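Report on one structure; see the data block that follows.
Just so we're on the same page: letters track the sequence lines, and every chain starts at 1. Model, not experiment: these values are computed from the prediction.
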Amino acid sequence: MLTLQQIRENREDIIARLKKRNFDPTETISQIIEADNRRRQAQVEADTMLAEANGLSKQIGDLFKSGNAAQANELKPKTVSLKESIAQAEELKKQAETDVYALLVTLPNAPHSSVPEGKGAGDNLTVYQHGEIPTLHENAVPHWELTTKYDLIDFELGVKIAGAGFPVYKGKGAKLQRALINYFLDKASTAGYREMQPPIVVNEDSGFGTGQLPDKEGQMYFVGEDKLYLIPTAEVPITNLYRDVILNEKELPIKNTAYTPCFRREAGSYGKDVRGLNRLHQFDKVEIVQIQHPDKSYETLEQMKDYVAGVLKELELPFRILKLCGGDMGFTSALTYDMEVYSTAQKRWLEVSSVSCFETYQSNRLKLRFKDNEGKTRMPHTLNGSALALPRIVASILENNQTENGIRVPMVLVPYCGFEVID
RNA sequence: GGUGAGAUGCCUGAGUGGCCGAAAGGAACAGUUUGCUAAACUGUCGUACGGGUAACUGUACCGCGGGUUCGAAUCCCGCUCUCACCGCCA
């Protein structure tokens with residue numbers, strides 16, 4: 001979430017930036033500042049009285065020790081009455097804190113100044129496009145037919161053992177999955193990311209740290225008996241590795257990558273969006289996460305964007321990169337690039353990656369800080385991106401590379417899966 | 001699942017009612033010095049929220065939440081977590 005300091009010190013700037021999300025935070029921000037003023041006032045009162053009470057207690061102790069029990073006992077009632085006033089002031093302070101917090105969590109991250117204006121997906125800015133859209137043979141079909149034709153993925157079987165959106169990958173389909181995961185991880189390692197293998201369930205504190213809780217509660221699978229959430233992305237465990245941590249500036253940037261299955265309830269999705277591999281309850285993804293110095297985070301975001309673009313090029317897929325407009329950005333992001341590959345058979349763009357800079361929005365929640373070279377404690381910026389999510393990559397490989405005689409595997413994956421054609 | 005022990009600062013670890021925001025050692029950082037991939041010495045060395053132009057200063061925090069007391073790291077209650085042993089098991 002945004003910090004009080006940001007709001008107090010750069011009020012107008014924050015308001016202007018938030019307006020890009022097509023809502024006016026002016027009122028909320030006034031309320032936050034009002035509540036924070038109340039909090040400060042209550043704290044001053046409480047602290048003053050506490051100081052007095054502490055002083056009295058000390059006096060009483062000294063008196064007892066020097067044998068002046070009678071004098072000490074005289075002072076006691078004074079502290080008792082003080083205690084009541086203190087309790088009152090602290091109650092006010094607590095209430096004001098609760099108010100501030102309740103308001104603060106309703107505010108999304110403030111978009112970066114370069115974020116384009118816009119209401120929705122139609123207003124996103126295409127900043128890059130690469131690759132030829134292939135011409136398919138006349139019997140070309142969408143991936144959900146190809147997966148059946150070549151016996152790669154069994155959606156029905158998944159329904160039987162779990163439910164819709166939990167596919168079973170079979171034979172070359174399963175091998176292709178494994179090849180992609182290994183390829184993505186190897187690429188990330190080469191780019192300097194440390195490979196990690198985190199738990200795929202997280203506790204409530206972690207869900208809060210990266211911003212999934214409280215507002216996206218219904219989107220995560222929850223194991224009630226143990227109060228654990230199935231992760232919707234590796235971003236959650238990997239970023240939470242650094243919850244309550246104070247780093248040294250010299251440690252920055254921190255670069256981690258992880259493959260994990262991802263679980264999403266996708267409540268409310270329907271229609272062509274959920275057909276085949278387009279939207280699943282469980283899918284595989286390799287995530288890259290960085291923690292970076294605030295001065296370098298946007299430079300890093302560009303590098304991460306270019307990194308993902310490089311992977312897509314190697315996979316020989318036609319893709320474009322969008323800079324999301326204010327109206328289409330995620331709640332916690334300050335700037336997001338989406339990568340979309342073109343699915344020739346479905347004649348639509350499919351989102352396969354999202355690369356974002358969160359500035360201090362996550363750090364603040366995580367209590368993630370670093371000591372800068374002057375010894376000052378500051379918050380670093382967090383960034384992450386998919387590199388990449390598998391299902392739609394698989395869908396577009398199948399669809400774009402289909403021929404009359406089978407599906408051609410991208411060159412770069414051949415060493416990983418051990419075959420050149422799916423037939 | 002059963003039984004027992006424990007939770008203190010970056011780490012180890014002392015502290016059982018006021019002199020404790022907390023000993024000591026280690027690590028880390030800065031400096032001094034030494035002709036050798038280091039040692040010795042000195043200093044610094046928790047976080048958060050306030051007040052103050054500033055120097056400085058107040059408050060809270062010894063797993064979490066309550067309670068007792070003029071006063072709690074220290075006593076009491078509840079919770080969570082960790083460890084050990086047994087049982088079960090990949």
Please report the distance, rounded to the nearest Å, between [atom1] in [X] and [atom2] in [N].
| X | N | atom1 | atom2 | result |
| --- | --- | --- | --- | --- |
| N248(A) | C10(B) | CG | P | 14 Å |
| E251(A) | C29(B) | CD | C1' | 14 Å |
| R8(A) | C49(B) | CZ | P | 13 Å |
| N37(A) | G50(B) | CG | P | 11 Å |
| N373(A) | C29(B) | CG | C1' | 12 Å |
| L368(A) | A48(B) | CG | P | 12 Å |
| D226(A) | U80(B) | CG | P | 12 Å |

Show the distances under 3.5 angstrom between N or O atoms of the protein and N or O atoms of nucleotides 45-47 of chain B.
| residue | atom | partner | partner atom | Å |
| --- | --- | --- | --- | --- |
| U47(B) | OP1 | K371(A) | NZ | 2.3 |
| U47(B) | O3' | R369(A) | NH1 | 3.0 |

How far does the [atom1] atom of [N] sit from the matching atom of [M], given to the nearest Å?
| N | M | atom1 | value |
| --- | --- | --- | --- |
| C77(B) | G6(B) | P | 14 Å |
| A72(B) | C64(B) | P | 16 Å |
| G15(B) | A24(B) | C1' | 11 Å |

request  = Just grab all the salt bridge (Lys or Arg N to Asp or Glu O under 4.0 Å) pairs involving residues 296-317 of chain A, residues at least two apart or on different chains.
outcome  = K187(A)-E314(A), E302(A)-K305(A), E316(A)-R408(A)
Pairs involving residues 51-67 of chain A, ordered by first then second residue, that meet salt bridge (Lys or Arg N to Asp or Glu O under 4.0 Å) (sequence neighbours left out) =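 Not a single pair qualifies under salt bridge (Lys or Arg N to Asp or Glu O under 4.0 Å).
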request  = Please map the stems of RNA chain B, keeping only stretches of three or more Watson-Crick or G-U wobble pairs with both distances under 3.5 angstrom.
outcome  = B:1-7 with B:80-86, B:10-12 with B:24-26, B:28-32 with B:40-44, B:46-51 with B:56-61, B:63-67 with B:75-79
request  = Sequence neighbours left out, what passes side chain to side chain contact (heavy atoms under 4.5 Å, CB included) with Q41(A)? Give chain and number order.
outcome  = E45(A)
note = The single option from E204(A), Q212(A), E217(A) that satisfies side-chain hydrogen bond (donor to acceptor under 3.5 Å, both in side chains) with Y229(A) is E217(A)
query = What is the per-nucleotide protein-contact pattern of nucleotides 54-72 of chain B, from the 5' end, where B denotes a base atom under 4.0 Å from a protein heavy atom, S denotes such proximity for sugar-phosphate atoms only, and - denotes neither?
reply = ----BSS---------BS-
